[in-house]
Amino acid sequence: MSRLENLFKEQSKRVLNVYCTAGYPHLNSTLQIMESLQANGANIIELGMPYSDPLADGEVIQTSSLHALSNGMTLQVLFEQLSEMRKTIHIPVVLMGYMNPILQFGFEAFCTRAKEVGVDGLILPDLPLFEFENSYGKTIKDNGLDFIFLVTPETPEQRLRKLDSLSSGFLYAVSSSATTGKDKDFSQVAVYLERLQKMNLKNPILVGFGIKDKQSFDAVNEFTQGAIIGSAYINALAKGEDVGETTKQFLNGVLGN
Amino acid sequence: MQVFNTELNYQNPSIEGYYGEFGGAYIPEMLFKNVETLKAEYLKIMQDPAFIAEVDALLKDYVGRPTPLFFAERLSKEIGANIYLKREDLCHTGAHKINNTIGQIVLAKRLGKTKIIAETGAGQHGVATATVCALKGMECVVYMGEKDIERQAPNVARMKILGATVVPAKSGSKTLKDATNEAIRAWINEPNETHYIIGSVVGPHPYPDMVARFQSVISKEMRSQLLEKLGNELPTHVVACVGGGSNAAGAFYHFLNEPSVALVAVEAAGHGVYSGLSAATTQLGTHGILHGSKSIVMQTSDGQVLEPHSISAGLDYPGIGPLHAFLYESKRGTFLSATDEEALASAFHISQIEGIIPALETAHAFSVLPKLGLKPSDVVVVCLSGRGDKDLATYMEHL
């Protein structure tokens, strides 16, 4: 059973996935951040692989990505940093990023290396269903990695069911069609999430985009297994002085501890 | 299994938008519905006789088509071949870009869209988009790199006069690549009412094919004009500059399956192909994904997209349309380049021997003519994609 599967078996509500950009704010802060996320109640770590042209991301994550790149972050460096992560990190870790850097690394080599260091799954927003089915999906599955598709309020039901059937670990419900870091009208989001809830999908659902604090986290948990927070945490890191203290305060705020 | 278009059919990508291994639609799910609708509808709409009639009438009475095919006598004598200029600079708004925006605005109306967004480099596509939005009463927002806003001030003013909102792209290199990122992000944020008019043969499928088809009027006219002038529809060479590659795609289109016609694409070498300040994508790039399609991309070994350089904002792009990547790799096209300095020299030279001030982008195409080893019997058509008014500030610095 995969770490993600295990997690959702043990916890079916208020699962918190926190995104952070690898190599941000400092090249070598990656593991320290992961450790403090784990220590302060995050259930999943979504580690962003920085890219120069992140199409689905808003300004906050764009800025953190460029910052990480100028710190010297590369996939090579990232895998070196993660090579011993399983000595201290016990919660699921998923990598989020864009196809181009992975293709340059070599798609197969990337999947093999990710599995080796103990990564559990992948979120690749610009790897669409067609390409997944026709070429890349097999390599991902052969390496025992979970693949998490995004779905939006505009995704037609038949396609949504297909994306659910091809996903494993969880399904990433984008709260509305938008880039990351935008505020959302949660009354509309609720209608959408209720619809998802009633579909009896195979995978647990985590909601992302627009989740930023306790209020928004609580709101989506009514309908789903949990949520993903990204831009709000990166913002906190950008303002905070000490990574450990910032993470603790931020997660305490979201979880209401 | 990769679904590749194995037959060499340059005019028709596969159903999923592949030219050979290039193309496709690598887009986030947030754009799926819009792109899927476009993919399902574009060919149907473009083949509808009423649509064709509406677009043709606008191209004739509003754009001023057909554009002349002009025999450049002094240039021909100098080069030692028969050089014809396809006068896209005489289109309304001063460049070929409007061929595409006319088609896409009529298409956007059919799709029930009320708002248009676009990216622009030199500002020609932005002006062409703002123009058709004014014509059709659509809201228009144009994303333009901050650096390009500075170097193309007259076009920024034109867009504003035409009622468009110009939004500076402040990320990355602050040029065309970043303007395209911003436009795609804007589209993600308001997909339902908005149509994104991409200005080149780039982006996710069906854009490269759709834009190539709208621009193909250039080569369609070339064929009938050559037949009328020379009794033969086929030239020996067609020469065009390439950034993303829309004027080249249009100028090549109806000759793609005519192996006797040499297709010459001219990229911007900036300070020199290997100077570190260049935009010669096929020479410097490797296979990658940029702006939603697989193509040749200028990037680091770690897959980060590089900042290109060209004196011409319209060629300052680290990618190239998937059709051109396929023409390059299959060797159907000849890819050459011209430096900033060569382009400037050509711009002045063409101005002074033909009385036509070309755009800086177009000037790159003229620079390679002496290098083609042309014979006196050769018939060469140069796509004169745009006029140089927008580049006056740059030209004045070099007078």
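Residue numbering restarts at 1 for every chain, and letters A, B, ... go by the order of the sequence lines.
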* Asked: Taking atom CD of A:E116 as the centre, does the number of heavy atoms from other residues, nucleotides or ligands within less than 6.0 Å exceed 12?
  -> yes
* Indicate whether the side chain of A:Y51 and that of B:D302 have a donor and an acceptor atom separated by less than 3.5 Å. => no
* Checking heavy atoms, do the side chain of A:P54, its backbone, both or neither come under 4.5 Å from chain B? -> both
* To do: Find the distance between CH2 (B:W187) and CD (B:E119) and round it off to the nearest 0.5 Å.
  => 11.5 Å
* B:Q104 and B:H195 side chains, donor-acceptor separation under 3.5 Å -> yes
* Kindly say whether the aromatic ring centers of A:Y136 and A:F107 come within a distance under 6.0 Å. => yes
* What part of B:Q299 gets closer than 4.5 Å to chain A, counting heavy atoms only: side chain, backbone, both or neither? -> side chain
* With a 4.5 angstrom heavy-atom cut-off, which part of A:L103 approaches chain B: side chain, backbone, both or neither? -> side chain
Can you give me every donor-acceptor pair (side chain of residues 198-209 of chain A, partner residue at least two apart or in another chain, under 3.5 Å) with its distance?
unit_1 : atom_1 : unit_2 : atom_2 : d
A:K202 : NZ     : A:S165 : O      : 2.9
A:K202 : NZ     : A:S167 : O      : 2.9
A:N203 : ND2    : A:D164 : O      : 2.8
A:N203 : ND2    : A:D164 : OD1    : 2.8
A:N203 : ND2    : A:S167 : O      : 3.2

* **Heavy-atom proximity to chain A below 4.5 Å, by part of B:I184** => side chain
* side-chain contact (heavy atoms from CB on, under 4.5 Å), paired with B:K177, selected from B:V305, B:L306, B:D316 -> B:V305
* Interface moiety of A:L163 toward chain B, non-hydrogen atoms closer than 4.5 Å -> side chain
* Asked: Which word best sums up how the rings of B:F326 and B:Y19 line up, parallel for under 30°, tilted for 30 to 60°, or perpendicular for over 60°?
  -> tilted
* chain A heavy atoms under 4.5 Å from B:T180: which part of the residue, side chain, backbone, both or neither? -> neither
* To do: Check whether A:M73 gets within reach of chain B through its side chain, its backbone, both or neither, counting any heavy atom under 4.5 Å.
  => backbone
* Structure fact -> If one checks every heavy atom of B:N34 against chain A at 4.5 Å, the contacting part turns out to be neither
* Asked: Do A:N134 and B:E16 have a side chain donor and acceptor closer than 3.5 Å?
  -> no
* Structure fact -> Whatever's closer than 4.5 Å to a heavy atom in chain B on A:F105 counts as neither
* With a 4.5 angstrom heavy-atom cut-off, which part of B:S301 approaches chain A: side chain, backbone, both or neither? -> backbone
* Asked: For B:A186, is it the side chain, the backbone, both or neither that has a heavy atom under 4.5 Å from a heavy atom of chain A?
  -> neither
* Do you know which of A:T63, A:L75, A:D126 has the most heavy-atom pairs with chain B at a distance under 4.5 angstrom? -> A:D126
* To do: Could you look at A:L69 and say if it's the side chain, the backbone, both or neither that has a heavy atom under 4.5 Å from chain B?
  => side chain
